[in-house]
Engineer: 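Can you keep this structure in mind? I'll have questions shortly.
Atoms within each ligand, like the ligands themselves, are counted from 1 in listed order.
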Amino acid sequence: MIRVGSGHDSHRLVTGRPLILGGVRIEYAKGLAGHSDADAVLHAVTDALLGAAGLGDIGDAFPDTDPQWKDADSAMILLDSLVRIRDLGWRPVNLDITIFAQEPKLGPVKQAIRENVARLVELPADAVNVKAKTGERVGHIGRGEAIACHAVVLLEK
Ligand code: MG
């Protein structure tokens with residue numbers, strides 16, 4: 001049996017926060033605002049996993065009113081969701097991730113994000129694809145006000 005899931009997330013870029021995407025710390029003047037570490041990539045991946053398994057969304061599973069997740073490492077949220085889907089007998093087959101950011105240029109860090117996400121979901125790096133797009137200088141992405149991510153995952157059991 002196979003199931004597909006998709007996830008989307010975006011966070012505002014603000015000064016005074018670290019920029020963490022896919023669990024990788026990226027040198028940049030701004031970072032993403034949010035209750036946890038605001039890692040839009042791991043949040044989109046988590047939502048895709050939960051969606052494929054029919055487990056709702058990241059807000060159901062990890063409420064942002066819960067102090068346990070304040071400034072949380074989103075890898076912990078992802079790993080917790082992996083336990084939930086494995087408990088149902090599902091395992092990830094592959095992930096396709098698209099990150100939308102006008103700045104910084106993500107080309108130099110795409111491979112590091114790929115390898116780190118693959119490590120977290122226990123897949124070979126060639127089963128985790130990372131694409132980076134700009135916002136073509138229009139809209140909230142193109143003006144550099146936010147970074148967004150879309151993720152698609154296939155599960156099997
Ligand atoms: Mg989020």
Engineer: Which residue pairs satisfy the side chain to side chain donor-acceptor pair (under 3.5 Å) criterion with at least one member in residues 147-157, sequence neighbours excluded?
Structural biologist: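 Those involving residues 147-157 are Arg91-Glu156.
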Engineer: Could you check whether His43 and Ser36, counting side-chain N and O atoms only, form a donor-acceptor pair closer than 3.5 Å?
Structural biologist: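 Indeed, the side chains of Ser36 and His43 share at least one donor-acceptor pair under 3.5 Å.
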Engineer: Is a donor on one side and an acceptor on the other found under 3.5 Å between the side chain of Asp96 and the backbone of Val152?
Structural biologist: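 No, because the side chain of Asp96 does not come within donor-acceptor range (under 3.5 Å) of the backbone of Val152.
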Engineer: Please determine whether residues Ile141 and Ile147 belong to a single hydrophobic cluster, defined as Ile, Leu, Val, Met, Phe, Trp and Tyr linked transitively by side-chain heavy-atom distances below 4.5 Å.
Structural biologist: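 Unlinked, Ile141 and Ile147 end up in two clusters.
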Engineer: Could you please give the number of protein N/O/S atoms within less than 2.8 Å of the Mg ion (ligand 1)?
Structural biologist: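 Protein heteroatoms (N, O, S) closer than 2.8 Å to the Mg ion (ligand 1) number 3.
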Engineer: Take Lys30 and Thr15 through the test side chain to side chain donor-acceptor pair (under 3.5 Å) and record every step on the way to the result.
Structural biologist: CA-CA 4 Å; Lys30 295 179 179 178; Thr15 54; over 6 Å; no
Engineer: Considering all heavy atoms of both residues, which atom of Asp66 and which atom of His35 are nearest to each other, and what is their separation?
Structural biologist: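 So the two residues come closest at O-NE2, 3.2 Å.
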